[in-house]
2 protein chains.
Amino acid sequence: MSRSPRASDVAARAGVSRSAVSRAFTEGASVAPDTRTRIMAAAEELGYRVNYLARSLKEAAPSKLVALVVSDMDHSLRARLVDLLARRLVARGFRPVLLPWSQGDDPHRVIDMMLNYNVSGAIVTSDTPPGEISQQCARFGVPLVLVNKAPVDARAARVVQDTASAGRMAAELLHEAGCRRVLYAGQTRASFTIDDRRRVFCAALDDLGMTLAGEVTGPSQNHAGGMVAAGRYLAAKDRVDGVHCANDFLALGFIDGLRHAGVPRRDWPAIVGCDDIAEASWPAYDLTTLRQDPELLSEACIEALATRIAHPNSLAETRTISVAAVRRGTTRKTDID
Amino acid sequence: MSRSPRASDVAARAGVSRSAVSRAFTEGASVAPDTRTRIMAAAEELGYRVNYLARSLKEAAPSKLVALVVSDMDHSLRARLVDLLARRLVARGFRPVLLPWSQGDDPHRVIDMMLNYNVSGAIVTSDTPPGEISQQCARFGVPLVLVNKAPVDARAARVVQDTASAGRMAAELLHEAGCRRVLYAGQTRASFTIDDRRRVFCAALDDLGMTLAGEVTGPSQNHAGGMVAAGRYLAAKDRVDGVHCANDFLALGFIDGLRHAGVPRRDWPAIVGCDDIAEASWPAYDLTTLRQDPELLSEACIEALATRIAHPNSLAETRTISVAAVRRGTTRKTDID
DNA sequence: AATGGCGTTGCACACGTGTGCAGGTCCTCG
DNA sequence: CGAGGACCTGCACACGTGTGCAACGCCATT
């Protein structure tokens, strides 16, 4: 067999017109049960499959392709999110097309790819995507969902962490642990969510009668960045009793920095991270953190996208995902070494 | 503007035929430079983009979509691999469609999705994919690349870890550390690569004059599984001086299990993992392991796929990716606690 | 000036499918 | 027996693009 069979091949074999074949594979179309079974049998023998790309040429039937713009998949939470998004999209009959985008890449490349394959919609989870993507999507009528991004266009739906309660929660966890003077460790060029949470966190410190002893920001907010932050902390050690890190990787790196410097466990400051990645619960760290549930996050994204596709002209909504405090060892006093 | 502009709209605006527009957007087609610039200007004004789905209807021009069958993206190495594969595919003009597949899912669903969107090819990295996928791909002429899988079909290209040298390397690392009686920690239902490596490892132990004191296998080969393995190790503690874990997550869990049980650092057995995930280099673990370079792995996959697409009828080849020993703390004697 | 060649252009068909419309069949009811 | 309706089917067109073929214009060569 040189080329894959098409509807007319099936029609010839079943002794019907090509239209009948098309209708047999269309939900709710008008076909006699007898005819349908005969068509299906012929299709089975030939190994026929409907070509969705051809089907999607009719403007009424969208392509069902959804662009997933992603960066930094090495961040385990983001990888998990992509995994869940892909699963849910497939379950709803969509097909996720993975479009990696890194800082420095030309945004037009991503836009071109989306438009060339006239996707039904797009979900953007990469960090600091240029407003250009949002504008172009709006211009060409591509339904768009932004994850943890600042509002850039009224026609782009958003799913964002509840930073207002997250920031406050971080402060309260340190307060519970008896902290008075705390440090904030973050990134020089942070994301929208992190910036917003930091702002709320600082305000909450005041409310609770604590003081911000300082901020440590570096170029990276990964494990290595956390180790650097630990070095900076050690210089101000005696004036600080608690630390809030912008994310868990930073916090784990911070802990490894302390460990590397030989600081015994009982002398560690209270530490609160954010995200609750899998590693945070490992005994080596046992990190107190704020859980951002990727199940909820992904579900909200899919629903927002579906709404956006169904009502393209409605005003874009913003969905807020609440966070939960996960109390673990790094905010408990311990006697063990 | 209700619908997106098509080639005929651009043609009308530029005062040429639709064929001229098509040629203007086709590399190497015969168009006068003057005409081309006029067409491009008109296209720019209208925001016209070539519809690749329509283009791919012509059998000569393939869809450029490539299926990426993936499971367990929470495994950080696999997430990294998917990230790199997506980047390289995009760089070569392909579009990766992410198709998650988990143990228990119906393989026919994945096959249907691939054929419905008549993909140019497929890369399968999920664990233990049923032979059915390979057979169907071969039947319908879909170029296929299997990552770290057993050979199931002569027409499917494979990219596999060099298990022969990896297994031996693991044994040698333990030998270097002065081990005599070692334990193997793995999974009851392991993957092809892991099984093969284990086989070589056991044979190499004999060669080097070491003995296999036992095997610990559980249902899962993640961090939790490693902690369970540590419990089993402690029972046979005095008869064992080295451990090889099937992968790094298992090894890290093993270490956390020791830590949880209060075993001081200097009493740990020598430990060798496999993969060299990011966490392995963190000071909390400092794990000796075998590095499987995802850059090399992904590049080999793309090249194998490209070869397969270019010569669909050639015999499928198998590419072997070598591993490198990464010597770290868990195979060094230490005095610190 | 005639001829040949080359570069450019348009026509028409192909790719694989969905669907409005009209015609056909068959059943039911009056 | 006739009328009407419900159900099914095929024709023909549409979706947006690539490309073989032939025609055309222009230039250089003879």
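Per chain, numbering begins at 1; letters A, B, ... match sequence-line order.
- A:Arg55 has its CZ atom 20 Å from the P atom of C:dC15, to the nearest Å.
- B:Lys58 places its NZ atom 6 Å from the C1' atom of C:dC15, with the value rounded to the nearest Å.
- The side chain of A:Ala54 has C:dG16 as its nearest neighbour among C:dG16, C:dG18, D:dT17.
- Atom P of nucleotide D:dG18 and atom CZ of B:Phe25 are separated by 9 Å, given to the nearest angstrom.
- Residue pairs meeting the ring pair (Phe, Tyr, Trp, His ring centres under 6.0 Å) criterion with at least one member in residues 19-51 of chain A, sequence neighbours excluded: A:Phe25-A:Tyr48.
- Between B:Glu132 and B:Arg139 there is no salt bridge, since no side-chain nitrogen of the basic residue lies less than 4.0 Å from a carboxylate oxygen of the acidic one.
- Comparing D:dG18, C:dT17, D:dG16 against the side chain of B:Arg6 picks out D:dG16 as the nearest.
- Rounded to whole Å, the distance from CD on A:Glu27 to C1' on C:dT19 is 16 Å.
- OP1 or OP2 of D:dG18 lies within a sub-4.0 Å distance of a side-chain N or O belonging to B:Ser22.
- Residue A:Leu57 contributes atom CG, which lies 13 Å from atom C1' of D:dG18 at whole-angstrom precision.
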Under 4.0 Å protein heavy-atom contact, by nucleotide of nucleotides 6-12 of chain C - B base, S sugar-phosphate only: --BBBBB

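- In this structure the side chain of A:Ser134 reaches within 4.5 angstrom of the side chain of A:Leu144, judged on heavy atoms.
- What separates CZ of A:Arg49 from C1' of C:dT17 is a distance of 17 Å, to the nearest Å.
- Nucleic acid contact for B:Val21: none, since no nucleic acid atom lies under 4.0 Å from a heavy atom of the residue.
- No cation-pi contact links A:Arg92 to A:Phe94, judged by a cut-off of 6.0 Å to the six-membered ring centre and 45° from its axis.
- In this structure, A:Tyr52 does not reach the C:dG18 phosphate: none of its side-chain N or O atoms is under 4.0 Å from OP1 or OP2.
- Of the N and O atoms on the side chains of A:Arg18 and A:Ser8, not one donor lies less than 3.5 Å from an acceptor on the other residue.
- The backbone N or O of B:Asn116 sits nowhere less than 3.5 Å from a side-chain atom of A:Arg49 that would complete a donor-acceptor pair.
- Regarding B:Leu53, its CG atom lies at a distance of 13 Å from the C1' atom of C:dT17, rounded to whole Å.
- With 3.5 Å as the limit, one finds no donor-acceptor pair spanning the side chains of B:Gln136 and B:His108.
- In this structure, A:Arg36 reaches neither bases nor backbone, as no heavy-atom distance under 4.0 Å exists between it and the strands shown.
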